[in-house]
Each structure stands twice: as C-alpha cells, then as structure tokens.
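To keep things clear, I will list the structure first and then write my remarks on it.
Chain letters run A, B, ... following the sequence lines, proteins first and then strands; every chain starts at 1.
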Amino acid sequence: MLRDELRQILEKGLRDVEADWTVPAGIINDPEMHDAERERVFGRSWVFLAHDSEIPERGDYVVRYISEDQFIVCRDEDGEIRGHLNSCRHRGMQVCRAEMGNASHFRCPYHGWTYNNKGSLVGVPAGREAYGNKLDKSLWQLKPVPKLDTYKGLIFGCLDPEAQSLEDYLGDMKFYLDIVLDRSDAGLEVIGAPQRWVVDANWKLGADNFIGDAYHTMMTHRSMVELGLAPPDPKFALYGEHVHTENGHGLGIIGPPPGIPLPEFLGMPENIVEQLQRRLSPEQVEVFRPVAFIHGTVFPNLSIGNFLMSKDHVSPPTSFLTLRLWHPLGPDKMEIMSFFLVEKEAPDWYKEESYQAYVRTFGISGAFEQDDAENWRSITRVLGAQYAKTMELNYQMGRGLYEPDPDWPGPGKAFPMDYAEANQRNFMEYWMQLMVTDPVPHTGNGKVSDGTAAEALARAEA
Amino acid sequence: MTTATEITDTTVREVTEWLFTEAELLDGGKYREWLDLVAEDLSYVVPLRVTREREAETDIVEGMTLMDDDWDSMEMRVLRLETEYAWAEDPPSRSRHFVTNIRVAAGGSADELTVKSNLLLYRTRGDVATFDILSGERHDVLRRVASGYRLAKRVVVLDQTTVMTHNLALIM
Ligand code: FES
Ligand SMILES: [Fe+2]
C-alpha cells in the first residue's frame with residue numbers, strides 16, 4: 001500500500017513533469033519512497049544480473065542481486081543459464097557464500113541440504129532417520145528467479161512472473177543496444193570481474209546522469225577538459241542525438257564537433273569495424289559511424305558508457321565499453337558494479353589500451369568517475385532533509401527549443417542535440433507511473449519459470 | 001651473496017623514514033613533491049579482489065584492477081589536482097596514512113629493495129560526521145638512487161572486495 005501522502009507527491013509529480021517539466025525532489029532520498037520503490041519498481045522491472053561471458057563453463061556461477069534478493073546465476077551441467085534464490089529451503093541459509101566460482105553442487109552449511117546447480121535438492125543428511133524417507137525432494141528445490149532471460153549476452157531477471165517478456169520490455173532500445181552488444185561475430189567478454197564500491201547516494205542519480213546528462217561534462221569534468229581528455233568545445237553535445245524509448249530507456253549519441261578529425265566507429269580496430277558493417281543494419285551503421293560517445297540507461301539501473309578517451313594526458317584516445325549497475329542499498333546508498341567489456345576478437349593491443357583507458361577514467365579510481373560520485377552523494381545528503389524534499393527540480397532543458405528529429409534513422413523519440421532532458425523526464429515519468437500503479441498481488445503458487453533462460457524463451461514463443 | 005643485498009639496520013631505518021615522509025607528503029596534499037619520489041618507470045596497481053572459497057588458489061582477479069597507473073597517468077592525477085576543478089578532492093579529504101609492520105628484504109637487483117607494509121588509510125570529507133577506512137598491505141619496490149630512494153613499484157592489496165569509499169581519489 002502506498003501511503004496517501006506519497007501518492008499525492010507522485011501524482012503531482014506526474015502532472016508536473018508533463019506540464020512544468022519538473023520533478024519532486026522528495027523522490028530521491030526518502031525511506032518510505034525507497035520501500036515503495038523496492039516493491040513497485042524493482043519488484044516489476046527486468047534487472048541486469050550478469051553477462052554470459054562471466055559464466056562461460058558449466059558450473060560457473062556469480063552471485064547477483066535484484067533489490068535485496070540475492071541470486072546464484074549459474075551455468076548448469078547442461079550448459080543452461082539459471083538463476084536460483086541463494087537461500088536454503090530448510091531455514092533460509094545462504095547456500096553459496098562466495099561471490100563467484102565453479103560448483104556442481106551447493107551444500108548448505110547449516111544442516112547440509114545439498115542442491116545441484118539446476119537447483120534440485122539432491123541430498124538431505126540422515127534423510128531416512130530424520131524424515132522417514134518421506135521428504136519429497138522435488139518439492140524443495142531452490143526458488144528460481146521468477147523470470148530469467150538473456151538479450152545478446154546480457155542476463156536479466158525479473159521478480160514479477162506476470163511481467164512482459166524481456167524482448168518487449170527492451171523494445172526499441174534493442175536497436176541501440178545491438179550497436180554496442182552485437183557488433184562483432186564472437187561478441188563481448190567481461191574482463192576479470194566487476195569493480196564494486198559503495199557510494200552514499202541514491203541509485204537514480206547514476207541512472208539519470210547516464211541516460212542523458214551530457215550537460216554536466218563541462219563543469220563536473222572540467223579538470224579533464226583542461227587536461228585535454230574531454231572535448232574543449234563547450235557545445236560538443238550539440239553534435240549529438242538525444243533519444244528515448246518506451247519503458248523509461250534512453251541514451252545519448254555524440255559525434256565529433258565539426259572540423260575535429262576523430263576516427264569513425266569510436267576508432268574501433270579494423271577487424272571489428274569490418275564485422276559491424278556486415279552485422280548491423282544500414283540504419284545502425286549510419287547511427288554508429290560518427291560516434292565518439294554513447295551514454296545510456298536501460299530502465300531501471302543498468303547504464304552503458306561507450307567512450308573514446310585517452311588513458312592519460314599524453315596518449316591518443318582509445319574507445320572502451322563499460323556497463324554499470326546502480327544497485328540500491330537504501331534511499332541514500334548504492335553499490336556501483338562497474339564492468340569492463342571488450343570484443344573477444346579485438347587485437348591484444350586494443351584490449352590493453354582499452355582496459356587502461358577505462359580503469360583510469362571511469363573505474364572506481366577513474367578521473368571522471370570520481371567527480372560524479374562527489375556530486376551524487378552531496379545531492380543525496382541535501383535532498384534527504386525535510387524542507388529540501390518539498391522542492392521541485394528543474395527538468396526543463398530544451399523546453400520549447402526543438403522538435404523531435406524527423407530525419408533520425410533509428411527508432412524512439414530523438415532530438416537533434418544532446419543538451420536536452422527529454423530522456424531524464426521520460427525516465428522519471430515512467431518511474432513515477434510504476435510507483436503509483438498498484439501491483440497485482442502474486443500468490444506465489446502459480447507456475448513460474450524453472451529458472452532457465454530457454455524455458456522463459458519457450459514460454460514467450462508459445 | 002653480495003653485500004648490496006644485505007639488509008642492515010641503517011637500511012631499515014632509511015626505508016622506514018622514507019615511508020613516513022611519503023605519508024606526510026600525501027596527507028599534506030603535497031602531490032608534486034610526492035611525484036619527485038617516484039621512479040619514471042613506476043607501476044602502481046591496486047588489484048581487484050573477490051570473495052572466493054578457501055580452496056580457490058587466489059582471490060585476486062586477473063585482467064582487472066581498481067587502479068593501474070604508470071608515471072604518465074600519475075602525473076595526470078597530480079596535474080588534475082592542480083586545476084581548480086578536481087571536485088572529488090576539492091575541498092580536499094582529510095586523510096591519515098597509518099603505515100606499520102614494515103618488512104624490508106632484498107629486491108630483484110642490487111639497487112632495489114622489496115618493502116612490505118600495512119596501511120590503514122582514514123578519510124573524511126566536509127562536515128559529514130562519518131569517515132571511510134581502507135586497510136591493506138602494500139608491496140613496494142624501492143630503488144636506491146644518489147639522493148635516496150624512489151618508488152618503482154607499488155601493489156596495494158586492499159582488505160575489502162566491495163570498497164567502502166565513494167572513489168579511489170587518494171594515493172595509497
Ligand atoms: S538451513 Fe539449510 S540445511 Fe538447514
Ligand atoms: Fe560524469
């Protein structure tokens with residue numbers, strides 16, 4: 001149940017985002033908003049869990065989260081990707097306490113119930129003596145993620161068994177995701193493991209920043225502008241497109257300013273450029289050709305950064321790809337999981353340069369990333385207070401200045417420059433809509449997925 | 001055995017003093033002076049660790065790190081702090097490097113020493129009443145030069161997998 005007071009704030013917010021292009025500050029750092037958000041946003045959305053390259057072999061697993069629920073995401077003995085709640089059916093103990101590894105079985109350290117990596121309960125100590133052999137093990141498998149599916153290597157889970165399919169959920173965003181995820185024959189791989197760190201900030205600020213905020217670069221990252229790692233032209237984001245789709249997704253796509261000779265296709269290595277021209281549609285190639293920066297967010301909390309940047313102030317730029325998950329830990333706390341990915345078939349020199357550019361600019365120690373965290377924690381602290389919560393935040397950039405771009409070759413609503421806040425409004429509007437829409441109660445008895453991506457696909461096709 | 005690899009009391013005292021001076025420079029925000037204590041072939045790495053079962057050979061991840069700098073990128077950090085716009089450290093954190101358990105051993109060559117030390121790094125910002133603490137073990141290579149020692153290599157193995165501070169903007 002949503003308390004009347006919250007409902008009023010959100011309903012007014014919905015009206016305001018449409019009429020005044022403002023957003024209530026009270027949605028950022030408020031414990032009750034956070035509780036409602038857990039159920040209404042994270043309880044219903046498709047949430048990114050892992051990339052399939054993180055679990056390439058049978059038995060490989062990682063432990064990942066949807067809101068507070070933790071899941072073992074693994075590749076079972078048959079090579080199938082699965083997601084099981086990391087909680088024993090006897091008393092609820094974690095059956096897996098490592099973050100990643102390889103295991104055919106998970107044995108509960110409390111009383112020893114043992115599950116295979118398909119989630120089946122296969123061993124109960126003293127089963128004959130304790131249960132008279134009457135425990136029907138088939139009823140006590142690990143709870144699967146209600147819905148699990150993959151898109152071009154990304155593994156998502158959803159807690160709502162009635163949710164629309166992942167394909168439908170991603171919708172038009174797939175056109176843009178493919179440019180990043182599907183441009184090479186062998187695909188991408190996550191290198192190593194994600195960096196994980198905790199920031200005293202609300203997760204929505206990360207999502208909001210990546211979905212459309214090219215505007216902050218000139219100020220937040222001014223130090224890097226001065227050192228030549230970010231474009232010195234204060235109008236650089238004019239040479240870009242600002243696009244959003246249904247379900248709150250959106251991204252910005254920025255090319256070089258006129259007269260700046262940057263390489264095409266983010267300066268990716270020749271063999272990848274050759275592959276992408278074959279794999280992507282002519283429209284996708286047209287969109288991607290002039291690109292130097294892609295920033296975007298898949299609602300709610302997965303962001304993408306594909307940037308052309310130097311690893312220091314004396315080296316030429318190389319592109320890198322990072323995915324980041326803004327995992328909420330509370331209204332005023334998130335864990336950032338930052339992944340670095342690279343095309344499996346890229347040459348070694350590129351992989352090395354790309355890694356260095358990423359780790360020094362957008363990892364936890366990165367010269368860009370550092371300054372973003374500083375802003376988000378400051379905002380969160382301020383907006384947690386009583387009077388500040390009553391403020392309206394200004395989402396009016398571009399108001400009355402331009403119309404959707406009729407010539408844009410891609411889907412979604414596109415604006416012909418990236419100094420806009422249409423994506424952010426679209427995100428916030430969708431978020432507020434989810435917040436005011438009461439969820440359909442789940443009984444927990446209905447047939448849900450057995451926890452495999454193939455099963456979810458079969459169901460979607462049926 | 002050459003005499004160069006013998007670790008004398010004097011060597012230990014010099015190394016200890018070097019580490020304490022370094023800590024003082026870092027906590028005092030004297031990054032330019034700190035850079036003078038660094039060798040031009042510097043390798044400065046903070047590995048990424050993950051929680052793994054005891055039977056795993058290592059919990060240090062291959063291929064990815066939290067920080068991986070050389071001299072150029074370290075100079076970039078210092079140049080960045082010298083601009084007026086390095087917001088992550090402006091106003092600066094108040095930091096304190098506690099350096100203990102110093103162990104000095106012979107290095108890979110006659111002019112190098114390997115030095116292990118424990119590090120507790122306290123960090124607080126603004127008027128927020130909380131603080132962050134990073135704890136870890138430093139594995140350094142110090143090179144002897146005419147004027148003293150230069151840091152040629154540092155690996156800082158942190159004791160957290162999920163790092164409990166909002167960025168690694170400080171030099172450890
Ligand atoms: S809680 Fe797992 S066996 Fe008892
Ligand atoms: Fe930023």
Side-chain angles (χ1 to χ4, degrees), chain A residues 62-63 96-103 189-201 219-229 310-315 335-340 351 355-356 358-361 363-378 381, chain B residues 44-56 59-91 93 125-130 132 134 156 158 160-172:
Chain A
V62 292
V63 174
C96 178
R97 290 170 303 148
E99 188 178 330
M100 61 190 290
N102 183 286
E189 65 181 321
V190 170
I191 302 299
Q195 300 175 341
R196 302 175 61 172
W197 71 103
V198 171
V199 179
D200 291 334
M219 192 59 191
T220 297
H221 304 302
R222 176 85 179 264
S223 64
M224 302 314 284
V225 174
E226 299 223 332
L227 295 189
L229 274 88
S310 304
K311 62 181 183 179
D312 54 50
H313 59 299
V314 292
S315 303
E335 178 179 323
I336 301 180
M337 287 183 101
S338 177
F339 301 75
F340 166 72
K351 288 184 179 179
Y355 149 76
Q356 286 181 343
Y358 157 75
V359 92
R360 293 170 185 180
T361 58
I364 176 175
S365 61
F368 284 81
E369 185 77 41
Q370 291 177 20
D371 294 317
D372 291 315
E374 184 73 8
N375 292 335
W376 303 337
R377 65 202 288 269
S378 178
R381 185 180 175 213
Chain B
Y44 182 108
V45 175
V46 183
L48 174 64
R49 294 175 85 177
V50 291
T51 306
R52 304 202 68 151
E53 278 150 5
R54 190 173 287 278
E55 66 181 29
D59 64 358
I60 289 182
V61 172
E62 224 180 278
M64 185 45 62
T65 59
L66 298 176
M67 200 163 168
D68 186 346
D69 276 25
D70 55 21
W71 203 89
D72 284 333
S73 62
M74 211 40 112
E75 189 190 32
M76 173 178 77
R77 288 179 189 280
V78 175
L79 286 168
R80 184 181 118 78
L81 289 166
E82 288 170 355
T83 72
E84 286 168 49
Y85 311 101
W87 311 117
E89 277 300 317
D90 190 7
S93 299
R125 294 187 56 66
D127 62 351
V128 183
T130 55
D132 300 335
L134 294 173
V156 188
L158 290 179
Q160 288 176 331
T161 53
T162 302
V163 181
M164 296 296 287
T165 188
H166 56 285
N167 58 37
L168 295 181
L170 296 177
I171 292 166
M172 288 179 276

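With a 4.5 angstrom heavy-atom cutoff, B:Asp59 does not touch chain A via any of its atoms. Proximity to chain A is limited to the side chain of B:Leu48, based on heavy atoms less than 4.5 angstrom apart. The contact between B:Thr165 and chain A is made entirely by backbone atoms, counting heavy-atom distances below 4.5 Å. Interface remark: A:Met224 contributes side-chain atoms only to the contact with chain B (heavy atom separation under 4.5 Å). Heavy atoms of B:Ala169 lying under 4.5 Å from chain A belong to its backbone as well as its side chain. For A:Arg222, the parts lying under 4.5 angstrom from a heavy atom of chain B are both the backbone and the side chain. Residue A:Ile336: no heavy atom, backbone or side chain, is found under 4.5 Å from chain B. Looking at A:Ile191, both its backbone and its side chain come within 4.5 Å of chain B, counting heavy atoms on both sides. With a 4.5 Å cut-off on non-hydrogen atoms, B:Gln160 does not touch chain A at all. Heavy atoms of A:Arg381 lying under 4.5 Å from chain B belong exclusively to its side chain.
Under 3.5 Å, the side chains of A:Asn375 and A:Ser378 contain no donor-acceptor pair of N or O atoms. B:Arg125 and B:Ser93 are linked by a side-chain donor-acceptor pair at a separation below 3.5 angstrom, with hydrogens and angles left out of the test.
A side-chain donor-acceptor contact under 3.5 Å links A:Arg360 to the backbone of B:Asp68. Remark: the backbone N or O of B:Thr161 is not paired with any side-chain donor or acceptor of A:Arg196 at under 3.5 angstrom.
The residue among A:Val199, A:Asp371, A:Asp312 with the most heavy atom pairs within less than 4.5 Å of chain B is A:Asp371. Contact count versus chain B (heavy atoms, under 4.5 Å) is highest, among A:Glu369, A:Glu335, A:Lys351, A:Gln356, for A:Glu335. Each of A:Gly192, A:Ala193, A:Gly363, A:Ser365 has some count of heavy-atom pairs under 4.5 Å with chain B, and the biggest count is that of A:Ser365. Each of A:Val314, A:Thr220, A:Val225 has some count of heavy-atom pairs under 4.5 Å with chain B, and the biggest count is that of A:Thr220.
Note on ring orientation: taking the six-membered ring where Trp is involved, the planes of A:His221 and A:Phe368 are tilted (angle from 30° to 60°).
By the side chain to side chain donor-acceptor pair (under 3.5 Å) test, B:Glu82 pairs with B:Arg32, sequence neighbours left out. Residues that satisfy the ring pair (Phe, Tyr, Trp, His ring centres under 6.0 Å) test with A:Trp197, not counting sequence neighbours, are absent from this structure.
Taking every heavy atom of both residues into account, B:Leu170 and B:Met67 meet most closely at O-CE, 4.4 Å. Nearest heavy-atom pair across A:Gln370 and B:Leu168 is NE2-O, 3.8 Å.
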